[in-house]
Amino acid sequence: MNKGNNNVSESTINRLPRYRRYLKELEQQGITKVSSNELGEQLGYTPSQVRQDLNRFGAFGRQGYGYSIKTLHENIDEILGLNQKYKMIVVGAGNLGQAISRYAYYQDKSFEVSALFDTNTALVGTEAGTLPIYALDDVSDYIRENNIDIGIICIPKEPAQAVADIIIDAGIKAIWNFAPTDLNVPENFPIKNVHLSDSLQTLTYQMKI
Ligand code: NAI
C-alpha cells in the first residue's frame, strides 16, 4: 500500500474517519468483507467514489470478493496515523477542558490525556476525574519530560495565542484548538481548529432552505 500521505487528497482524508467508523461496526458484527457498493450505500457515496478513495491509498478490492474489512481498517489506521499512541495534555481545566479530557481518554485507545493545566489557583493541585491539574507555569517542563504529542487548548481566546506559543516552543507536535480564535503557528505545523458553533450556524442555514 501507499504509505506516503502526499498522494492522498485532503477531501479523501476527511472521509476516512467515516469509512473507519463503519468498518469498525461491521467488524464488531463479525463481518469480514464488504463491497464498494455496500460501503457507498451506507455512507452516501457512489461506488465509484468509494473505489477512487480506497484506490488512492492502495487498497484494491478483488473482483467478486470486495474488500477485506480487516485490511481496509488497518490501511486506514496507517494512513491516519492511528496505529500508534498519542500523549495529550489539555490547557484549560474548565467545563470544556474537563469534558474533553474524559471523552478523549475513554473513546479511543490511540489517544491518552495525562494531565490538565490551568492558571486558576483554586483548580491547580486538584483532579479532573483521575487526571491531575497542574499550574500552567509547569507546562513546558511537563511537555519535554513526558514527550507530549498533542496539546488541546480549551481557554478563552485572549490568552490562547500566548499559550500556543509556549507549548510549541516546548516541543508539542500538534494542537487541537477549541479557543474561539485562529492561532498563528509555524508553516506546516499540524493544527485543527474546532468550533462547534460553525456547525450550528450551518445547521440553521439548512433550516432556511
Ligand atoms: P471555562 O471558563 O469553564 O474554562 C476556562 C478555563 O481556562 C478556566 O479554568 C480558566 O482558569 C482557564 N484559563 C484561562 N486562561 C488560561 C491560561 N492562560 N492558561 C491556562 N488556563 C487558563 O470555559 P469553558 O466553557 O471550558 O470554555 C473554554 C473556552 O472554550 C472558551 O474560550 C470557550 O469560548 C471555548 N469553547 C469552544 C467551543 C468550541 O466548539 N470550539 C465550545 C465551547 C467552548
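Read the numbers this way: they start at 1 and go in the same order the structure lists the ligands and their atoms.
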Which ligand 1 atoms does [X] reach within 4.0 Å, using its non-hydrogen atoms?
{"X": "Leu136", "result": "19 (N)"}
{"X": "Val194", "result": "39 (C), 40 (O), 41 (N)"}
{"X": "Leu196", "result": "39 (C), 40 (O)"}
{"X": "Pro159", "result": "15 (N), 18 (N)"}
{"X": "Phe178", "result": "30 (O), 35 (C), 36 (N), 37 (C), 38 (C), 39 (C), 41 (N)"}

Per-residue contact class, Cys154 against ligand 1 - non-hydrogen pairs under 4.0 Å: backbone
Per atom 31 (C) of ligand 1, closest listed option by heavy atom (Ile155, Leu96, Val90, Val163): Ile155
Nearest candidate to atom 8 (C) of ligand 1, where distance is taken over non-hydrogen atoms, out of Asn193, Asn120, Asp198, Asp118: Asp118
CG-CD1 distance between Leu23 and Ile69, expressed to the nearest 0.5 angstrom: 6.0 Å
Euclidean distance, Leu116 CG relative to Cys154 SG, rounded to 0.5 Å: 8.5 Å
Whether Phe111 and Tyr86 hold their rings parallel, tilted or perpendicular, with breakpoints at 30° and 60°: parallel
Side chain Lys87, main chain Asn146, donor-acceptor under 3.5 Å: yes
Identified side chain to side chain contact (heavy atoms under 4.5 Å, CB included) counterpart of Ile175 within the set Val163, Ile150, Asn193, Ile168: Ile168
